[in-house]
Participant: 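Questions regarding the structure given below will be posed in turn.
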Number of protein chains: 2
Amino acid sequence: MSRYEKTCLIRGDGGRAIRGILDRVGDKWSLLVVATLDGASLRFTELQQRIPGISQRMLTRTVRHLERDGLVTRTVFAEVPPRVEYELTAMGRTLIGPAVALAEWAVDNNPGIEESQASYDAEHP
Amino acid sequence: MSRYEKTCLIRGDGGRAIRGILDRVGDKWSLLVVATLDGASLRFTELQQRIPGISQRMLTRTVRHLERDGLVTRTVFAEVPPRVEYELTAMGRTLIGPAVALAEWAVDNNPGIEESQASYDAEHP
DNA sequence: CAGTATCCGTCCGGATACTG
DNA sequence: CAGTATCCGGACGGATACTG
């Protein structure tokens, strides 16, 4: 596939593909939840403990969205006290690859970006 | 690098890396602008014409952010009428790869996601 | 042509309190 | 334990009008 065909994947259909995925996992917590569930089946509280700073409300919302999109399964055990386990689906696991690629890019380029921001801010008072 | 080390790239530092990149290009238009500038030097109006639906204001804001982050160069020609050309920087071009990977994932999995959403919505009235 | 300026509605996300 | 309910501030993004 040529370079042009590749960027067409982004621009295709007026950017619908990118827009769709960013609407799904472009928010503050989704990719973090997915990465945290990689290879592990975790309960609500465990998930919350492993994701510093996330509130109960936002964790609930995030896992609900991920469940609706078919990226995460939510299993309720009929016990007292209640137990709920979250796990990645097969589709959810396939997201890890692209997400890691993006994270690698972020880590590699953060220094350059911050440098650019600093000089931009210096020149634009 | 092991799978675990990979997801650490996402979760590392409390998710700072992912958070940083999504704050940068996780908005509605940034990746679309980057993809549109791939391999082309374009003027403001050309850019706007190739990105259906973007307003003058949002295009201005988006290219300014990308310029500040060092992903795009903005070249002003001292002419009348004014001419401004936008181009990807070397760093900007390196973003295309990971972005395309994400777009590919989006295209491949959109059917599955929409199916999951439909059945979720059916079961949760 | 390539922007700025202004207004404005909506959604996101945090804080807090309450519950099956 | 695993949520829900409510309130709130702020950022995002669209529409419109104006300008060097």
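Letters go in sequence order (proteins before strands), and every chain restarts at 1. Keep in mind that this is a model prediction, so the values were computed, not measured. FYI, side chains are in, hydrogens and waters are out, and symmetry mates aren't considered; it's all heavy atoms of this structure.
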Participant: When the distance from CZ of B:F77 to P of D:dG20 is rounded to whole Å, what number comes out?
Facilitator: 24 Å

Participant: Just how far, in rounded Å, is P of C:dG13 from CG of B:D27?
Facilitator: 13 Å

Participant: Given that A:G26 and B:E46 both sit by DNA chain C, which one's nearest nucleotide is further toward the 5' end?
Facilitator: B:E46

Participant: To the nearest angstrom, how far is B:K28 atom NZ from C:dC12 atom C1'?
Facilitator: 15 Å

Participant: I'd like to know whether CZ of A:F77 has more than 12 heavy-atom contacts from other residues, nucleotides or ligands below 6.0 angstrom.
Facilitator: yes

Participant: Given C:dG14, C:dA2, D:dA2, which nucleotide is nearest the side-chain atoms of A:W29?
Facilitator: C:dG14

Participant: Is it true that a side-chain atom of A:S30 and a backbone atom of A:D27 form a donor plus acceptor pair closer than 3.5 Å?
Facilitator: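 Absent.
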
Participant: Of all the choices, C:dA15, C:dG3, D:dA2, which nucleotide is nearest to the side chain of B:Q56 once you look at every atom?
Facilitator: C:dG3

Participant: Do B:T73 and B:E87 meet the criterion of a side-chain donor-acceptor pair at a distance under 3.5 Å?
Facilitator: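 Side-chain D/A pair, B:T73 to B:E87: absent.
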
Participant: Whole angstroms only, please: what is the CD-C1' distance between B:Q48 and C:dA2?
Facilitator: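 The answer, rounded to whole Å, is 10 Å.
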
Participant: What is the separation between atom CG on B:D23 and atom P on D:dG10, rounded to the nearest whole Å?
Facilitator: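 Going from B:D23 (CG) to D:dG10 (P), I get 18 Å.
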
Participant: Do B:R57 side-chain and C:dG3 base share a donor-acceptor contact under 3.5 Å?
Facilitator: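 There is none.
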
Participant: Is B:D38 salt-bridged to A:R3, cutoff N-O under 4.0 Å?
Facilitator: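 A:R3 and B:D38: salt-bridged.
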
Participant: Quick one: do the B:N110 and A:R24 side chains pair a donor with an acceptor below 3.5 Å?
Facilitator: yes

Participant: Rounded to the nearest Å, what distance is computed from the CD atom of residue A:E79 to the P atom of nucleotide D:dA2?
Facilitator: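 My rounded result for the distance is 10 Å.
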
Participant: Does a donor on one side chain and an acceptor on the other come within less than 3.5 Å for A:T75 and A:E85?
Facilitator: no

Participant: Taking 4.0 angstrom as the limit, do B:D23 and A:K28 come out as a salt bridge?
Facilitator: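 Judged by the 4.0 Å cut-off on N to carboxylate O distance, B:D23 and A:K28 do not form a salt bridge.
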
Participant: Between D:dC1, C:dC1, D:dG3, which one does the side chain of A:T45 approach most closely?
Facilitator: D:dC1

Participant: Nearest whole angstrom, please: distance from the P of D:dG13 to the CG of B:L32.
Facilitator: 12 Å

Participant: Counting neighbours of CZ on B:R16 that are heavy atoms of other residues, nucleotides or ligands and sit closer than 6.0 Å, is the number greater than 12?
Facilitator: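 Atom CZ in B:R16 is not crowded, with 12 or fewer foreign heavy atoms closer than 6.0 Å.
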
Participant: Within 45° of the ring axis of B:W29 and under 6.0 Å from its six-membered ring centre, is that where the NZ or CZ of A:R19 lies?
Facilitator: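 Yes, A:R19 and B:W29 form such a contact.
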
Participant: What is the distance from CG of B:L47 to C1' of C:dG3, rounded to the nearest Å?
Facilitator: 13 Å

Participant: Base, sugar-phosphate, or nothing for A:Y86, non-hydrogen atoms under 4.0 angstrom?
Facilitator: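 The residue A:Y86 makes sugar-phosphate contact but no base contact.
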
Participant: Of all of residues 58-73 of chain B, which get a heavy atom below 4.0 angstrom from DNA chain C, listed by number?
Facilitator: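 Residues of residues 58-73 of chain B under 4.0 Å from DNA chain C: B:T60, B:R64.
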
Participant: Supply the atom-to-atom distance A:L22 CG to B:L22 CG, rounded to the nearest 0.5 angstrom.
Facilitator: 7.5 Å

Participant: Between D:dC1, C:dG14, D:dG13, which nucleotide has the shortest distance from any of its atoms to the side chain of A:P81?
Facilitator: D:dC1

Participant: What stem regions, each of at least 3 consecutive Watson-Crick or G-U pairs below 3.5 Å, can be found for DNA chain D?
Facilitator: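 As far as DNA chain D goes, consecutive pairing (with distances under 3.5 Å) yields the stems C:1-20 with D:1-20.
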
